[in-house]
Every structure is written in C-alpha cells, then in structure tokens.
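This report concerns only the one structure given below.
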Amino acid sequence: GAVRVDLQDFDGAIASLRRAESTHDAQTTLAAARSLTEIYRGELLPGDIYEEWFAETRERAKHDFCDAMVVAARTAEVSGDPDEALTFLRRAGVADPWREDIYQAMMRCQMVSGQRSRAIETYIACRGRLVEDLGIDPSAETTRLYEAVLAMESDA
C-alpha cells in the first residue's frame, strides 16, 4: 500500500543522505534532505496510535529524520546558506521539540547570521520545553551558547 511506499521512499532518502555525507558530497546531501522534508510530513501513521507494532518504526523514523536534518543543516551552513540550515532545523524541531542538539544548532546558525534576538528566542523556547515538559534544565553546552549570544552586539 501507500504507507509501505512512503516508508521505502523515506528509507531510500535517508540512505542516500548518509552515503552523500560520508563522501562529503554537499549537493547530494542537501538534495536528499530536501526530498526527506517532502516525504516526512510528521509521524508515520499517526492515526494508528493503538498499533504498538508500529511504534518502534515510527520512533526510528522520527529519530532518523531529525538526525538527517541536523546533518543537512551543518552541510548547508558550511556551504554558506544559514537560511536553508535554519529551515532544516525548524523541521527537525517540529518533529522532536525535546532534542537539545537541534536548539543548539539553531542558535549557532542564528549567531553566525547575526540574529541575536532570534537566538535568544530559541534558547527561551528550548529552556521552556525542557523545564516544563521534562523537568530538566538546559545542558552546560546550551547555557554556554546562550551566554555567547548575550555577549553579542544587539541586532542592527
């Protein structure tokens, strides 16, 4: 059925991105990531909440998608396109709003782009999610990034 095809397309795009990243092929990495953003529109089979057998596949897909978006963001940033990097990271943040590495990568991109106030907003969003939803404070690395953002010149 259609679901199987989506999963095959998804797994194929993940494999393509991983191959491209391993050979440092930025164009193919970004192309695979863009294709993933078309395929992955949120949790797989979200209506089948009671299908426990699918929960593991759904979690793996979410994890793989977020990992791929972080890799794509790093690739886009190194290629000189922080805006596309942030687009990938925003998609990852929607898919998994509790992954601190996504917020950290967003803050780094925003800092590189001179978006001080956006980076502050990202930190506040991260801290809010972690504290309210998980009862934990941001890590030392996230706090260090935030302190670096505060030390930046104000947005022009």
Side-chain angles (χ1 to χ4, degrees), residues 1-115 118-130 132-134 136 138-139 141-142 144-146 149:
V3 170
R4 184 70 199 120
V5 171
D6 288 349
L7 200 50
Q8 283 172 327
D9 291 348
F10 177 83
D11 287 341
I14 289 283
S16 173
L17 183 137
R18 287 177 177 159
R19 275 193 309 274
E21 185 205 9
S22 72
T23 60
H24 307 289
D25 178 348
Q27 291 308 103
T28 308
T29 299
L30 295 173
R34 290 181 199 116
S35 142
L36 272 173
T37 64
E38 294 301 310
I39 297 165
Y40 190 86
R41 290 288 178 191
E43 286 197 338
L44 298 170
L45 295 184
D48 294 351
I49 298 169
Y50 303 106
E51 299 285 358
E52 281 305 311
W53 61 270
F54 203 71
E56 195 175 314
T57 303
R58 187 181 290 133
E59 273 305 303
R60 175 190 60 79
K62 179 173 78 174
H63 183 80
D64 286 352
F65 176 76
C66 290
D67 283 354
M69 292 297 101
V70 169
V71 165
R74 195 178 319 120
T75 304
E77 192 180 349
V78 168
S79 301
D81 193 345
D83 290 338
E84 185 167 39
L86 284 164
T87 299
F88 290 132
L89 292 168
R90 277 192 284 274
R91 282 297 305 275
V94 169
D96 191 345
W98 299 280
R99 272 188 57 168
E100 208 172 343
D101 62 327
I102 294 167
Y103 291 104
Q104 291 168 354
M106 285 182 84
M107 288 171 70
R108 281 192 289 270
C109 277
Q110 289 160 336
M111 289 168 75
V112 167
S113 305
Q115 299 175 30
R118 284 267 170 86
I120 290 170
E121 289 166 14
T122 300
Y123 173 80
I124 291 168
C126 173
R127 189 176 186 287
R129 279 288 186 176
L130 296 176
E132 291 166 31
D133 298 348
L134 305 178
I136 59 173
S139 70
E141 183 182 349
T142 303
R144 271 194 303 277
L145 273 171
Y146 180 56
V149 169

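One-based numbering along the sequence shown.
One distance of note links CD1 of Ile120 with OH of Tyr146; it measures 5.5 Å at 0.5 Å rounding. The distance from the OG1 atom of Thr87 to the CE atom of Met69 is 10.5 Å, given to the nearest 0.5 Å. Between atom CG of residue Asp9 and atom OG of residue Ser35 there is a gap of 7.5 Å, rounded to the nearest 0.5 Å. Note: Lys62 NZ to Thr57 OG1 = 13.5 Å, rounded to the nearest 0.5 Å. Rounded to the nearest 0.5 angstrom, Asp81 CG and Cys109 SG are separated by 9.5 Å. If you take OG1 on Thr29 and CZ on Arg34, they are separated by 10.0 Å, rounding to the nearest 0.5 Å.
In the model, Glu21 has no side-chain atom that pairs as donor or acceptor with a side-chain atom of Thr75 under 3.5 Å.
Residue Arg129 places its CZ atom among more than 12 non-hydrogen atoms of other residues, nucleotides or ligands, all under 6.0 Å distant.
Here the closest non-hydrogen pair linking Leu130 and Pro138 is CD1-CA, 3.8 Å. The two residues Ala68 and Leu36 come nearest to each other via the heavy atoms CB-CD1, 3.5 Å. Annotation for Arg60 and Leu7: closest pair NH2-CD1, 4.2 Å, computed over non-hydrogen atoms. Here the closest heavy-atom approach between residue Ala85 and residue Ala76 is recorded as N-CB, 3.7 Å. The minimum heavy-atom distance between Ala72 and Leu30, with the atom names listed, is O-CD2, 3.5 Å.
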### Task
Please lay out, stage by stage, how Gln104 and Cys126 fare under the test side chain to side chain contact (heavy atoms under 4.5 Å, CB included).
CA-CA 9 Å; Gln104 291 168 354; Cys126 173; over 6 Å; no

### Message
Apply salt bridge (Lys or Arg N to Asp or Glu O under 4.0 Å) to residues Arg108 and Glu77 and explain how you reach the verdict.
### Response
CA-CA 10 Å; Arg108 281 192 289 270; Glu77 192 180 349; 6.0 Å; no

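Side chains of Asp67 and Arg99 form a contact here, defined as non-hydrogen atoms less than 4.5 Å apart. Counting heavy atoms from C-beta outward, Val70 and Arg74 have side chains that approach closer than 4.5 Å. The closest side-chain heavy-atom distance from Arg90 to Met106 is below 4.5 Å. Two residues are said to be in side-chain contact when any heavy atoms from C-beta on lie closer than 4.5 Å; Arg18 and Asp64 meet this criterion. Side-chain contact between Tyr123 and Thr142 is present, with at least one heavy-atom pair separated by less than 4.5 Å. Side-chain contact check for Tyr103 versus Pro97: some heavy-atom pair is nearer than 4.5 Å.
Glu100 places a side-chain N or O within donor-acceptor distance of the main-chain N or O of Ser139, the cut-off being under 3.5 Å. Put simply, the side chain of Ser22 gets close to the backbone of Arg19: a donor and an acceptor are under 3.5 Å apart.
In summary, the aromatic rings of Phe10 and Tyr40 are positioned with their centroids under 6.0 Å apart.
Each of Arg127, Gln115, Gln110, Met111 was compared with Thr122 under the side-chain contact (heavy atoms from CB on, under 4.5 Å) criterion, and only Gln110 meets it.
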